[in-house]
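Single-structure report; data block below.
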Amino acid sequence: MSMETAIAEKAADRAGLRIPAHLAVIMDGNGRWAKARGKQRTEGHLEGVKALRRLISLCIRYGVEHVTVFSFSSENWSRPRDEVNFIFGLLHRFVASDLATLLHNNVRVRIIGSRDGLDDGLRRLIDDVEVKTALNTGLELIVAFNYGGKSEIVEASRRLAQAVAAGRMKPEDIDEATFERALYTSGVPDPDLIIRTSGEQRFSNFLLWQGAYSELVFIEENWPDFGEETFLRALEEYSGRKRRFGGIETRSP
Ligand code: IPE
Ligand code: IPE
Ligand code: MG
């Protein structure tokens, strides 16, 4: 066991918490956070990046293995052009400013979502951060950017259909395991817990396949206000949940 993991386990034990191996977060409420303070929505997105940094260090400290964050949905293109550009710029700035820290903290980065509609610069940036962090063995940070759950499922279906048409696969080879391998999240265990901030209680097209049996925790605070206190509150709620996966509760021996 590494020293990092041992320290994380101690922190979790102290708090009496069950730690999800895969935590997913719908980081919502940046605009409302800004509006409540008489600021521009973009200020809310900037504060949202600070909350993301807090989330990453909390995940490292408490021993979460994979964290997926929803940062731009395929439906967010319907926002004003300026806001879309600002969010794209933020991804560039985040990678430029935080890559060294991510490397130092042994974080592996994967960006999931459609690459259609992204300019060449952004595609290169995504490839670059994935390649540079690929050999890291600590927390896996999965950024859902230009991501939509429905289109992920459609893309996976198309890939499998192409494999069948090319004779590389038979229709009867398509099962849940082969389908999962065709998703963006191939190889990542399904999220144990999905947290959504800002009081909204919906998926908004996030991890539709992978979230089939995730526990859901909704938090009233807007994303820029997320910190250790909200993180622990969500984990406490999760720790009290009974996961049955369609079965019945088993009695401890
Ligand atoms: C989440 O905050 C960030 C993105 C969707 C990019 P919002 O921008 O959705 O903030 P609200 O929901 O309008 O407050
Ligand atoms: C979901 O939030 C997408 C992200 C957090 C990136 P939205 O703000 O886009 O969702 P709706 O429109 O309220 O459902
Ligand atoms: Mg929103």
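Please read these numbers as outputs of a predicted model, since none were measured by experiment. Because only heavy atoms are used, hydrogens play no part in the values below, and waters and symmetry mates are left out as well, while side chains stay in. First listed ligand is number 1; within each ligand, the first listed atom is number 1.
Using a cutoff of 4.0 Å between basic side-chain nitrogens and carboxylate oxygens, Arg61 and Glu228 are scored as salt-bridged. In this structure, Arg108 does not pair ionically with Glu65, as no charged nitrogen and carboxylate oxygen lie closer than 4.0 Å. Using a 4.0 Å cut-off between charged nitrogen and carboxylate oxygen, Arg202 and Glu200 count as a salt-bridge pair. Ion pair Arg18/Asp192 not flagged as a salt bridge, since none of the NZ, NE, NH1 or NH2 atoms sits closer than 4.0 Å to an Asp/Glu carboxylate oxygen.
Considering Arg115, Arg110, Lys132 as possible partners of Asp127, the one that fulfils the salt bridge (Lys or Arg N to Asp or Glu O under 4.0 Å) test is Arg115.
Residue-level proximity to ligand 1 for Arg41 is carried by the side chain, the only part with a heavy atom below 4.0 angstrom.
Interface atoms of ligand 1 facing His45, defined by a heavy-atom separation under 4.0 Å, are 3 (C), 8 (O).
Asp28 contributes OD1 as its N, O or S atom closest to the Mg ion (ligand 3).
A distance limit of 4.0 angstrom between heavy atoms and ligand 2 selects the residues Ile26, Met27, Asp28, Phe70, Ser71, Phe72, Asn76, Arg79, Arg196, Arg202, Ser204.
Of all non-hydrogen atoms in Val107 and Asn136, the two that sit nearest each other are O-ND2, 2.7 Å.
Residue pairs meeting the ring pair (Phe, Tyr, Trp, His ring centres under 6.0 Å) criterion with at least one member in residues 205-224, sequence neighbours excluded, are Phe70-Phe206, Phe179-Trp209, Tyr213-Phe245, Trp223-Phe226.
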